[in-house]
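Quick notes on the structure that follows.
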Amino acid sequence: MYLLQVYVTNASLNINRPFTYISDEKIEPFCRVKIYFHKAVNNGIVAECEYTDKDLTELKEEMGYEPLKILEVIDESPIISKELFDLAFWLSKTTVSPFISCLNSMLPKVLKTSLKHTEPKKESRFHKIEGEYPFTKRQQEVYESIQEGMLASQARKISASIVAKLLSMGALVEYKEETSFINKEIDPSSFKDLTAEQENAYEKIISTDKMVSLLFGVTGSGKTEVYLHLARYYLSQGKDVLILVPEISLTPQMIQRVKERFSDVVFYHSELSDQERYEQYKRVKNKEVRIVVGTRSSIFLPFSDLGIIIIDEEHDQSYKQDNVPCYHVKNVAFKRAIDHSGKVLLASATPSLESYTRAKRGDYQLLELKERINHSFPKIEVIDLNQQVRNNHSYIISKPLKEEIEHCLANNKQAIILLNRRGYSPIVKCAECGSTLMCTDCDSPLNYHKDENILKCHQCGKIYKPIKVCPNCGHKPLLYYGFGTKRVEEELHALFENARVERMDRDSTYKKGAHEAILKRFENHETDILLGTQMIAKGLDYPDVTLVGILNADAGLMHQDYNSAKVTFDLLMQASGRSGRANDQGKVLIQAFNPEHYAIKAVINQDYNYFYNIEMNYRNKTNYPPYSHIVEIVVSGNEERRVLSDVNYIYDLIKDLSFRTYKPYELGKIKGSLRYRLLIMDKDLLSMLRKVHEVIDSYIAAKKNSHVKIDVDPLYLE
Ligand code: ADP
Ligand code: ZN
């Protein structure tokens, strides 16, 4: 008989230990089994399997209960490697989250949920035949949004009838996976010769003894080209390569460049269907493909021998998962690089404060690309919106911005207009003295809520009646600011009647393939002005873009979050980097109410170090990261009395320790669930984690049942 240690996969997620079961046959570890658990059929995953010559009676005596027999073995072979199984443990320790939720977030859905494992059927895909077709506008759109090799079922979701038309016209061919249109040769001529700076970085990354390198390269300095050369090198060594990007749909050009060089690449991201994800997972596992470009979750793919993990835009917030387990991809990348003796390359034009600090200290190898490939930086100017308002000009598209757009259109160039929506809710400014209406208790700006016609402090929740005169200067009327992309679009149409304007925001891109279609039209210069939210700030590399206008540039600075200056700085630097990337001189206009803010000044001078020094000084004084670590504990539930008592239970266990601790603080309700937050801060992350684990263990032992979410080093605080 065999004794099994089984983790129950769909049991109450608080249980963090295996249960003992028995089986007549030997079962390989990391296969799933069906078991009885709490009188119901459940899935479990076998962690250990050990032969015993004892019989049931003996076992019962020894254990104090009679172990149950497993009901069925689900998998023929392990669904996960030992490395990844152990990684789930590590993840559970470092993020203080239940082991099973860690394991689940590492596996493609097909593997974690199905009770009975079935091999998904092979689905057909579409191959695009290039040519001239008499497409209607809509047909053209659909054709463009279908990517080469897209699953037929996915493409039909865009429009089944148009897809049928395209098939009948011969523009698409349907094929099964076995047929391959892919040419597996790498085309060496498609690789650009590296510049001296790029070459230097490339050589040093390959040859260093340090595990981590930071490539600090200004926008347009050719970082992507360095990644591609590195990928080629590690592939030639027979190793796997992972390139992480913040959001796949926003980087069609990067994908294009990778596809040109390496024809067989896995693109792994959330827009894939469950089945597609599973197929790609298997291709990596079977070593059919050794280079992956993907978003956060691709860090968990079953690579066999990782040569390098490249994290593009390493500062980006999308690398942190917001729900349990709240992991940061960088930490997982370091762990996997250790396990594989591989390397990690962090790259950014605006590195995170932590990475840059570590690199300066020598923990990471620091490499800089200071030159743009075209040797020309855009000219950046700031427009003081207070002045625009005083002179009765529009504060949406200011007078100077309007003139620049006219100039840009007259030269047949393209413009990108970015509306910073972070901290979007309208704030109240005096048109005369420029002061912002603040909460009397919090030093936080009041937000105008139109539906209820009230002013509200988002920090403490205090409500104020709308005020008609400025408390600072007297009698002038106050203005309520705040507008969305639709409003800007209307204004652009009104100002530039003949310009082709396109909007890219969440509303206009919810359909699959919409991002690509919009960007394709912009690339083909079928659009003159691309207006959008944060989505358009990253990665775009279009030679005809000579103007970038940033509206509401400092909206995020009004928020009290400790990280808001950095996030604003990153966004503005990224967005400015879109202008003048080819032969023409670029221009950037930044509209702001706080033109003197150091984040804005740093962008105007394109001076990361200026920003870094001021920001680090502030972090040091306030003892925020990277000078300390934060553990955020959010307790939530539906019943006020219980949530309060549970959060105070935790607070009582931590408040007298040596860490800096904040009292329970009420966060806004979410879907009727009351939420309280506790914060603990300290330099010593390990001892903080150890304590939090202890606290959570006693919380579970005390049978408290309000939901607890733990976030180690959150990137922002609500
Ligand atoms: P980054 O990722 O740093 O913003 P990119 O890699 O997008 O910069 O490079 C900017 C532009 O310069 C791209 O159009 C790219 O094709 C081009 N480029 C990059 N490296 C080279 C090179 N060595 N020779 C010629 N062009 C290059
Ligand atoms: Zn307040």
Side-chain angles (χ1 to χ4, degrees), residues 187-206 213-233 241 243-248 250-262 293 308 310-316 319 345-352 355-356 366-378 380 413-414 416 418 519-520 522-525 535-546 548 569-586 588 603 606 608:
D187 175 7
S189 69
S190 62
F191 281 85
K192 295 194 164 76
D193 291 333
L194 296 180
T195 63
E197 258 192 335
Q198 287 172 320
E199 182 73 32
N200 173 54
Y202 168 83
E203 290 292 344
K204 287 193 165 149
I205 292 162
I206 290 177
S213 298
L214 173 65
L215 181 62
F216 175 19
V218 297
T219 55
S221 60
K223 294 185 288 296
T224 314
E225 201 60 42
V226 176
Y227 310 159
L228 299 174
H229 281 254
L230 287 169
R232 178 169 69 172
Y233 171 79
V241 173
I243 303 180
L244 289 164
V245 293
E247 252 173 292
I248 278 247
L250 306 184
T251 45
Q253 284 180 316
M254 149 93 123
I255 292 181
Q256 191 53 39
R257 279 160 77 182
V258 178
K259 272 188 187 160
E260 278 164 17
R261 317 290 167 84
F262 313 100
V293 178
I308 191 165
I310 296 167
I311 308 185
D312 184 33
E313 316 277 15
E314 65 93 26
H315 64 278
D316 198 275
Y319 288 129
L345 176 66
L346 308 173
S348 174
T350 53
S352 64
S355 295
Y356 191 58
L366 179 61
L367 300 161
E368 294 189 54
L369 300 179
K370 293 185 174 164
E371 280 286 330
R372 266 195 164 192
I373 293 290
N374 70 354
H375 302 288
S376 148
F377 270 102
I380 305 182
K413 297 292 170 192
Q414 291 172 294
I416 288 179
L418 169 77
L519 293 177
K520 192 89 199 161
F522 194 59
E523 182 174 1
N524 295 342
H525 210 141
M535 287 180 183
I536 60 172
K538 287 174 208 154
L540 308 187
D541 182 29
Y542 300 116
D544 280 352
V545 174
T546 56
V548 168
F569 173 72
D570 294 349
L571 175 70
L572 301 188
M573 287 291 273
Q574 290 292 336
S576 336
R578 303 308 112 212
S579 183
R581 287 170 76 91
N583 301 325
D584 304 296
Q585 171 68 46
V588 179
V603 175
Q606 292 285 294
Y608 175 87

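The first residue in the sequence is number 1, and the count goes up from there. Start at 1 and go down the list; that is how both ligands and their atoms are numbered. Quick caveat: nothing in here was measured; it's all calculated off a predicted structure.
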What protein heavy atom sits nearest [atom], and how far off is it?
| atom | answer |
| --- | --- |
| atom 2 (O) of ligand 1 | T224 OG1, 2.9 Å |
| atom 8 (O) of ligand 1 | G222 N, 3.0 Å |
| atom 27 (C) of ligand 1 | K192 CD, 3.4 Å |
| atom 4 (O) of ligand 1 | G220 N, 2.8 Å |
| atom 20 (N) of ligand 1 | Q198 NE2, 3.0 Å |
| atom 13 (C) of ligand 1 | D541 OD2, 3.0 Å |
| atom 10 (C) of ligand 1 | R581 NH2, 3.7 Å |

Within the distance-only criterion (no hydrogens, no angle test), does the side chain of R372 pair as donor or acceptor with the backbone N or O of G222 below 3.5 angstrom?
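No, the answer is negative, given that no donor and acceptor are paired below the 3.5 Å cut-off.
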
Using atom types as modelled and distance alone, determine if a side-chain donor or acceptor of S579 lies under 3.5 Å from a backbone N or O of P378.
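Absent.
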
Nearest-option assignment for atom 12 (O) of ligand 1, heavy atoms, candidates L215, T195, I373, V226:
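Looking at heavy atoms only, the winner is I373.
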
Report the member of K223, Q253, R257 with the shortest heavy-atom distance to atom 7 (O) of ligand 1.
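Nearest option to atom 7 (O) of ligand 1, by heavy atoms: R257.
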
Please step through side-chain contact (heavy atoms from CB on, under 4.5 Å) for the pair R257 and E225, ending with a clear verdict.
CA-CA 9 Å; R257 279 160 77 182; E225 201 60 42; 3.6 Å; yes

Flag for E314-S352: side-chain donor and acceptor within less than 3.5 Å
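On atom types as modelled, these side chains qualify, holding a pair under 3.5 Å.
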
With no hydrogens and no angle check, do the side chains of Q253 and E523 hold a donor and an acceptor under 3.5 Å apart?
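No pair is found: no donor N or O on one side chain lies under 3.5 Å from an acceptor on the other.
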
For the rings on Y202 and Y227, is their centre-to-centre separation under 6.0 Å?
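When the ring centroids of Y202 and Y227 are compared, they turn out to be at least 6.0 Å apart.
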
With a heavy-atom distance limit of 4.0 Å, tell me whether D193 approaches ligand 1 through its side chain, its backbone, both, or neither.
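Within the 4.0 Å criterion, D193 contacts ligand 1 through backbone atoms alone.
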
Atom indices of ligand 1 within 4.0 angstrom of [X] heavy atoms, with elements:
| X | answer |
| --- | --- |
| L194 | 23 (N) |
| V218 | 3 (O) |
| E225 | 6 (O), 19 (C), 20 (N) |

Gap between atom CD of Q574 and atom CG of L571 - 0.5 Å precision:
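Separation between the atoms: 8.0 Å.
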
Test: D316 and K538 ion pair at under 4.0 Å
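Looking at D316 and K538, the cut-off is met.
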
List the atom of L228, the atom of F191, and the distance in Å for their closest heavy-atom pair.
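Heavy atoms of L228 and F191 come nearest at O-CE2, 3.5 Å.
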
